[in-house]
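Below is one structure, written out as structure tokens; comments come after it.
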Amino acid sequence: MRLSGKSFLDFFASKTPVAAVPLILLCLNSANFDRALPSGAAITWLVISLLLYVFNYVKVGQTVLYIGGHTFIILLFSPIFTLLAKSFIPLFAFDDSAVTFMIFSVVFVLCGCFGLKKLLDITHLSRFLLGER
């Protein structure tokens, strides 16, 4: 990318969703997932191009902006709630794909992180622990 002299967006920009077709074809063979191989680099390039294409059509809501603005809280407290979420794995044994557990655990971790942040704000401990006013 650096050798091409193009900016990040110009290098990865995709005007059409056509990047999905070769991406699907490359992902059919798990040997292509090695990022050191040309096929792995192509998958990376295609995924970034496709995400930039989709980003043009997705409205970023206030919830996404709130989560993005509080990533420090998520990074700081998520290990606690991730460990707690693992205790719920037996409840989701019915789903072999583990998609429902993934959705539950993401919501659980985010709610836990923001709940703990709210508790620190109420007790005025965020001033000492997080350096906030």
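In this text the structure is predicted, and so the values were computed from the model without any measurement. Position 1 is the first residue of the sequence; numbering continues from there. Basis for what follows: all heavy atoms, side chains included, without hydrogens, waters or symmetry-related copies.
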Give the cluster check for [X] versus [Y]: same hydrophobic cluster or not, with ILVMFWY residues linked at side-chain heavy-atom distances below 4.5 Å.
X: Leu75; Y: Ile67; result: no
X: Val107; Y: Phe81; result: no
X: Ile74; Y: Leu120; result: no
X: Ile89; Y: Leu83; result: no
X: Leu91; Y: Val106; result: no

* For Leu37 and Asn32, run side chain to side chain contact (heavy atoms under 4.5 Å, CB included): C-alpha distance rounded to whole Å, both residues' side-chain angles, the deciding distance at 0.1 Å, then the answer. => CA-CA 7 Å; Leu37 297 174; Asn32 293 332; 5.7 Å; no
* **Any pair counted as ring pair (Phe, Tyr, Trp, His ring centres under 6.0 Å), so long as it reaches residues 104-133, sequence neighbours left out** =>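 Those involving residues 104-133 are Tyr66-Phe114, Phe88-Phe104, Phe88-Phe108, Phe92-Phe104, Phe104-Phe108.
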Output the distance between atom [atom1] ([X]) and atom [atom2] ([Y]), rounded to the nearest 0.5 Å.
X: Leu76; Y: His70; atom1: CG; atom2: NE2; result: 13.0 Å
X: Ser126; Y: Asp121; atom1: OG; atom2: CG; result: 4.0 Å
X: Thr100; Y: Met102; atom1: OG1; atom2: CE; result: 8.5 Å
X: Ile43; Y: Leu25; atom1: CD1; atom2: CG; result: 10.5 Å
X: Cys27; Y: Ile24; atom1: SG; atom2: CD1; result: 8.0 Å

Compare every heavy atom of [Y] with every heavy atom of [X], then report the nearest pair and how far apart it is.
X: Ala19; Y: Leu50; value: CB-CD1, 4.3 Å
X: Ala42; Y: Leu26; value: CB-CD1, 3.9 Å
X: Phe101; Y: Ala85; value: CE1-O, 3.3 Å

* Output yes when a side-chain donor or acceptor of Thr44 lies under 3.5 Å from a complementary backbone atom of Gly40, and no otherwise. =>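 Yes.
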* To do: Output all residues satisfying side chain to side chain donor-acceptor pair (under 3.5 Å) with Thr82, sequence neighbours left out; order by chain, then residue number.
  =>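 Thr82 satisfies side chain to side chain donor-acceptor pair (under 3.5 Å) with no other residue.
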* Asked: Should we say atom CG of Asn29 is surrounded by more than 12 heavy atoms from elsewhere, each under 6.0 Å from it?
  ->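 Yes, enclosed.
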* To do: Would you check, one step at a time, whether the test side chain to side chain contact (heavy atoms under 4.5 Å, CB included) holds for Leu119 with Leu116?
  => CA-CA 5 Å; Leu119 182 67; Leu116 191 55; 4.2 Å; yes
* Residue list, ring-ring contact (aromatic ring centres under 6.0 Å, His included) with Phe33, at least two apart or on another chain ->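 So Phe33 forms no ring-ring contact (aromatic ring centres under 6.0 Å, His included) with any residue.
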